[in-house]
Enquirer: 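One structure, pasted below without further comment.
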There are 2 protein chains.
Amino acid sequence: MNKNYSRAIPEPWRDISAVFAALGDEHRQRILLSFEPGERLNVGQIAEVSTLARSTVSHHLKVLREAGALLAEREGKEIYFRVNKVFLQDIFGKVTSYLDTFL
Amino acid sequence: MNKNYSRAIPEPWRDISAVFAALGDEHRQRILLSFEPGERLNVGQIAEVSTLARSTVSHHLKVLREAGALLAEREGKEIYFRVNKVFLQDIFGKVTSYLDTFL
DNA sequence: TATTCATATCGATGATGATCGATATGTTTA
DNA sequence: TAAACATATCGATCATCATCGATATGAATA
């Protein structure tokens, strides 16, 4: 048993901690699943198909972006978000190999 | 864009929804990381190394178990938990291939 | 520069979750 | 059956998060 409960969380888990928390919310899952491959969407587009207020969608997008799941780039007045596929693939790959090796 | 925001969450995501929520909590991550490969631990052992009350540890173990991340089996007075490695590998494998294909 | 538009941030409220001690449930053993 | 032990559940409290409308920030355009 690993008795040092309060030790630092291992690196592959540290990165994914925010991702887990971000994807633990159903609205954020639905937002993520609104994206088609390679697609970019802005707040207005997502707010339109969602059941949430614009400011609420903006909040969830911030959480997803800070977790690394989304990338944002301003283009004129709009800010376009896209799925950070490479990051997510890397994260889940690390978790998978951590699972294989240590758990 | 997938405009049917309120549609059913795709199957590979539905199963993992609870896993994400469960692993989004740092205490539950620490509990999971207390297990060594193939090891079985009971509430008392985990409560001893953690900073939480026994009832709180019990609560977190319930969340992890209901999410599928842990399996529980009673053995006399104690209830032993172990990491459901196969389930987690399956889940993260599904998420990875969903990522590759649809996002 | 003033206006319009898109998004972010703020402040307040309500809901959900974490936490604990106390109590209940279930199991072994005297 | 009574006592001791391990864990689960209950009830209350506290903290965190989701949510919204209103306001602020930033960018394009008249």
Side-chain angles (χ1 to χ4, degrees), chain A residues 1 5-6 9 16-35 39-84, chain B residues 1 5-6 9 16-35 39-84:
Chain A
M1 177 185 193
Y5 179 89
S6 300
I9 295 280
I16 203 172
S17 180
V19 176
F20 281 148
L23 298 187
D25 181 87
E26 188 170 321
H27 278 299
R28 289 194 285 266
Q29 287 185 28
R30 292 186 183 281
I31 288 173
L32 204 66
L33 295 172
S34 298
F35 288 84
E39 191 180 28
R40 304 187 317 153
L41 298 171
N42 59 40
V43 178
Q45 292 174 298
I46 296 170
E48 191 154 356
V49 300
S50 85
T51 59
L52 303 169
R54 291 172 94 91
S55 61
T56 305
V57 172
S58 183
H59 162 69
H60 286 309
L61 289 172
K62 183 183 182 182
V63 174
L64 286 167
R65 187 173 52 76
E66 287 180 346
L70 293 181
L71 291 172
E73 45 198 0
R74 181 178 280 277
E75 191 159 317
K77 281 181 289 190
E78 290 95 7
I79 297 179
Y80 283 94
F81 293 85
R82 59 187 174 88
V83 176
N84 195 345
Chain B
M1 174 185 195
Y5 180 89
S6 300
I9 295 281
I16 205 171
S17 179
V19 176
F20 282 147
L23 298 188
D25 180 86
E26 189 171 319
H27 279 298
R28 287 193 285 265
Q29 287 184 29
R30 293 187 185 281
I31 288 173
L32 205 64
L33 294 172
S34 298
F35 288 85
E39 192 180 28
R40 303 188 317 152
L41 298 172
N42 59 41
V43 177
Q45 292 174 301
I46 297 171
E48 191 154 356
V49 300
S50 85
T51 59
L52 303 169
R54 291 172 94 91
S55 60
T56 306
V57 172
S58 184
H59 162 69
H60 286 308
L61 289 172
K62 183 183 181 182
V63 174
L64 286 167
R65 187 174 52 76
E66 288 181 347
L70 293 181
L71 290 173
E73 46 198 359
R74 180 179 283 275
E75 189 157 320
K77 280 182 289 191
E78 290 94 8
I79 296 179
Y80 282 95
F81 292 84
R82 59 186 174 87
V83 176
N84 195 344

Enquirer: Can you see which heavy atom on A:Arg65 is nearest to which on A:Ala72, and at what distance?
Expert: CD-CB, 3.4 Å
Enquirer: Rounding to an integer number of Å, can you tell me how far B:Arg54 CZ sits from C:dA24 C1'?
Expert: 16 Å
Enquirer: Give one of base, sugar-phosphate or nothing for A:Tyr80, where a contact means two heavy atoms less than 4.0 Å apart.
Expert: nothing
Enquirer: Specify the separation, in whole Å, of atom CD of A:Glu78 and atom P of C:dT7.
Expert: 6 Å
Enquirer: Check the pair B:Leu70 / B:Val83 against side-chain contact (heavy atoms from CB on, under 4.5 Å), numbers first and verdict last.
Expert: CA-CA 5 Å; B:Leu70 293 181; B:Val83 176; 4.1 Å; yes
Enquirer: Output yes when at least one side-chain N/O atom of A:Thr56 is less than 4.0 Å from OP1 or OP2 of D:dC20, else no.
Expert: yes
Enquirer: Respond yes when some side-chain nitrogen or oxygen of B:Asn42 is under 4.0 Å from OP1 or OP2 of D:dT7, and no when none is.
Expert: yes
Enquirer: Which nucleotide in the set D:dT19, D:dT7, C:dA6 lies at the smallest distance from any side-chain heavy atom of B:Ile79?
Expert: D:dT7
Enquirer: Can you measure B:Ile46 atom CD1 to D:dT7 atom C1' for me and round it to whole angstrom units?
Expert: 12 Å
Enquirer: In whole Å, I'd like the distance from the CD atom of A:Glu75 to the C1' atom of C:dT7.
Expert: 15 Å
Enquirer: Of A:Arg30, A:Glu48, A:His27, which meets side chain to side chain donor-acceptor pair (under 3.5 Å) against B:Tyr5?
Expert: A:His27
Enquirer: Could you tell me if the side chain of A:Ser6 sits less than 4.5 Å from the side chain of B:Thr51, heavy atoms only?
Expert: yes
Enquirer: Could you state the atom-to-atom distance from CZ of B:Arg74 to P of D:dA8 in whole Å?
Expert: 8 Å
Enquirer: Between D:dT9, C:dC5, D:dG21, which nucleotide gets closest to the side-chain atoms of A:Lys77?
Expert: C:dC5
Enquirer: Let me confirm one number: the CG-CG distance from A:Leu41 to A:Leu32, rounded to the nearest 0.5 Å.
Expert: 10.5 Å
Enquirer: Could you check how far CG of A:Leu52 sits from P of D:dG21, rounded to whole Å?
Expert: 11 Å
Enquirer: Using atom CD of B:Glu26 as one end and atom P of C:dG17 as the other, report the distance to the nearest whole Å.
Expert: 19 Å
Enquirer: Tell me which residues in residues 58-65 of chain A put a heavy atom below 4.0 Å from DNA chain D, sorted by number, or none.
Expert: A:His59, A:His60
Enquirer: Rounded to the nearest 0.5 Å, how far does CD of A:Gln45 lie from CD of A:Glu39?
Expert: 7.0 Å
Enquirer: Of the listed nucleotides (C:dT19, C:dA8, D:dT7), which one gets closest to any side-chain atom of B:Val43?
Expert: D:dT7
Enquirer: In Å, rounded to the nearest 0.5 Å, how long is the span from CG of B:Asn42 to NZ of B:Lys77?
Expert: 11.5 Å
Enquirer: Atom CG of B:Asp25 to atom P of D:dA15: distance rounded to whole Å?
Expert: 17 Å
Enquirer: According to a strict under-4.0 Å criterion, is A:Arg28 in side-chain N/O contact with OP1 or OP2 of D:dA18?
Expert: yes
